[in-house]
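Some notes on the structure that comes next.
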Amino acid sequence: MYEPIARALEDGAAANLHLEGSAPRIVDLACGTGYYSGRLSARFDGANLLLVDRSPTAVRMARRGNPHATGVVLDLWRPLPIRDAVADLSINVFAPRNPDEFARITREGGLLAVVVPTDRHLAELRSSGAMLDIPSGKAEQVTTQLSSAGFDPVTSTTLDYVAELDEAQCAALVGMGPAAHHVRPSDQATAPSSGVGSGAGITAVTVSVDVLLFRRR
């Protein structure tokens, strides 16, 4: 479903990451399954990969797919236990941002890649009430925040496409969204389902994101 996003991250990094002969140091800030950083690691031979996430399960899963990587469990909202200027490339995909800390750990001239949803992302699931709405102008807001922290915009790419998903995949997307974390365990049985594709087989769902690339000044 998200292969075009991974490809955009790869291509943006390959075209704009300036290295002096050494393998890049990549920090995945909220790694999830490690899918995106794994793709970048495969693109850059010998890359040193640091996987961080608040979820121990996510870090374990990401390291399973990237066995040579280092994994750390941490909270992105807090000061990061990572050395200054260690990252040639930091990535932050569908995750909270800590602009000052991201600037601290990314070396001068290094890159930060951020992926944020537009207000059209997963519109079919949101219209059913299963997920929270996304405010418009998110990319502009993120660019302002990161520019104030020491990053200059390099490229901005909007990706819009349709993915065909089954009911289980729709439900998984709803379960990963912010609204799912506000449901108490006692209410799980009555929590809203995806509301899309129930009994209908395959559902067409809109994927719409901005892939933003910044350089540390």
Contact summary for Cys31 and Asp53, nearest pair of heavy atoms = N-OD2, 3.2 Å

request  = Answer yes or no: is there a side-chain heavy-atom contact under 4.5 Å between Leu40 and Ile91?
outcome  = yes

query = Do any N or O atoms from the side chain of Ser41 and from the backbone of Ser37 form a donor-acceptor pair under 3.5 angstrom?
reply = no

inquiry  = If you define the side chain from C-beta out and look only at heavy atoms, does anything of Ser147 sit under 4.5 Å from Pro153?
reply    = yes

Can you give the donor-acceptor pairs under 3.5 Å from side chains of residues 154-164 to other protein atoms, not counting sequence neighbours?
{"residue": "Thr158", "atom": "OG1", "partner": "Asp210", "partner atom": "OD1", "Å": "2.5"}
{"residue": "Asp160", "atom": "OD1", "partner": "Arg120", "partner atom": "NE", "Å": "3.4"}
{"residue": "Asp160", "atom": "OD1", "partner": "Arg120", "partner atom": "NH2", "Å": "3.4"}
{"residue": "Asp160", "atom": "OD1", "partner": "Ser208", "partner atom": "OG", "Å": "2.6"}
{"residue": "Asp160", "atom": "OD2", "partner": "Arg120", "partner atom": "NH2", "Å": "3.0"}
{"residue": "Tyr161", "atom": "OH", "partner": "Met1", "partner atom": "O", "Å": "2.7"}

task = Kindly indicate whether the side chain of Thr206, heavy atoms from C-beta on, has any atom under 4.5 Å from the side chain of Glu124.
result = yes

query = Would you call Leu49 and Thr70 a side-chain contact if the rule is heavy atoms closer than 4.5 Å?
reply = no

ask   = Can you list every salt bridge (charged side-chain N to carboxylate O under 4.0 Å, His left out) pair that touches residues 22-33, not counting sequence neighbours?
value = Arg25-Asp88

ask   = Less than 4.5 Å apart, any side-chain heavy atom of Cys170 and any of Val205?
value = yes

Short side-chain to backbone donor-acceptor contact, Arg54 and Asp75, under 3.5 Å = no

query = Are any non-hydrogen side-chain atoms of Leu173 and Leu125 less than 4.5 angstrom apart?
reply = yes

ask   = Which pair of heavy atoms, one from Asn66 and one from Gly34, lies closest together, and at what distance?
value = ND2-O, 3.5 Å

query = Linking I/L/V/M/F/W/Y whenever any side-chain heavy atoms sit under 4.5 Å apart, do Leu213 and Leu19 land together?
reply = yes

request  = Spell out, as yes or no, whether a donor-acceptor pair under 3.5 Å connects the side chain of Glu101 to the backbone of Asn98.
outcome  = no

message = Using the salt bridge (charged side-chain N to carboxylate O under 4.0 Å, His left out) criterion, which residues pair with Asp45? Sequence neighbours excluded.
response = none

ask   = Asp100: what forms a salt bridge (charged side-chain N to carboxylate O under 4.0 Å, His left out) with it, not counting sequence neighbours?
value = none

key: ILVMFWY clustering at 4.5 Å (side-chain atoms), partners of Val59   = Val73

Hey, can you pull the donor-acceptor pairs under 3.5 Å for the side chains in residues 3-15, sequence neighbours left out?
{"residue": "Glu3", "atom": "OE1", "partner": "Arg7", "partner atom": "NH1", "Å": "2.3"}
{"residue": "Glu3", "atom": "OE2", "partner": "Arg7", "partner atom": "NH1", "Å": "3.1"}
{"residue": "Glu3", "atom": "OE2", "partner": "Arg39", "partner atom": "NH2", "Å": "3.1"}
{"residue": "Glu10", "atom": "OE1", "partner": "Arg43", "partner atom": "NH1", "Å": "3.2"}
{"residue": "Glu10", "atom": "OE2", "partner": "Arg39", "partner atom": "NE", "Å": "2.5"}
{"residue": "Glu10", "atom": "OE2", "partner": "Arg39", "partner atom": "NH2", "Å": "2.7"}
{"residue": "Asp11", "atom": "OD1", "partner": "Arg43", "partner atom": "NH1", "Å": "3.2"}

inquiry  = Strictly by salt bridge (charged side-chain N to carboxylate O under 4.0 Å, His left out), give each pair with a member in residues 133-157 just once, sequence neighbours left out.
reply    = Asp152-Arg217

ask   = Under the salt bridge (charged side-chain N to carboxylate O under 4.0 Å, His left out) test, which residues partner Arg97, sequence neighbours left out?
value = none

note = side chain to side chain donor-acceptor pair (under 3.5 Å) filter on Ser22, not counting sequence neighbours, yields none

task = Could you go through the side chain to side chain contact (heavy atoms under 4.5 Å, CB included) check for Arg215 and Glu108 one step at a time?
result = CA-CA 8 Å; Arg215 192 177 305 281; Glu108 182 178 338; over 6 Å; no

query = Which hydrophobic side chains are connected to Val27, either touching it within the sub-4.5 Å cutoff or through other members that do?
reply = Leu29, Leu50, Val52, Val72, Leu74, Leu76, Leu80, Ile82, Val86, Phe102, Ile105, Leu112, Val114, Val116, Val142, Leu146, Phe151, Leu212, Phe214

ask   = Side chains of Thr203 and Glu167: is there a donor and an acceptor less than 3.5 Å apart?
value = no

ask   = Linking I/L/V/M/F/W/Y whenever any side-chain heavy atoms sit under 4.5 Å apart, do Val174 and Ile134 land together?
value = no

key: Heavy-atom side-chain contact between Val209 and His121 under 4.5 Å   = yes

request  = Drop me the distance from Leu165's CG to Ile202's CD1, to the nearest 0.5 angstrom.
outcome  = 7.5 Å

task = Among residues two or more places apart or on two chains, list those pairs meeting salt bridge (charged side-chain N to carboxylate O under 4.0 Å, His left out) that have a residue in residues 63-74.
result = none

ask   = Do you reckon Ile26 sits in the same ILVMFWY cluster as Met61, going by side-chain contacts under 4.5 Å, direct or chained?
value = no

ask   = Can you name the ring-ring contact (aromatic ring centres under 6.0 Å, His included) partners of Tyr2, sequence neighbours left out?
value = Phe94

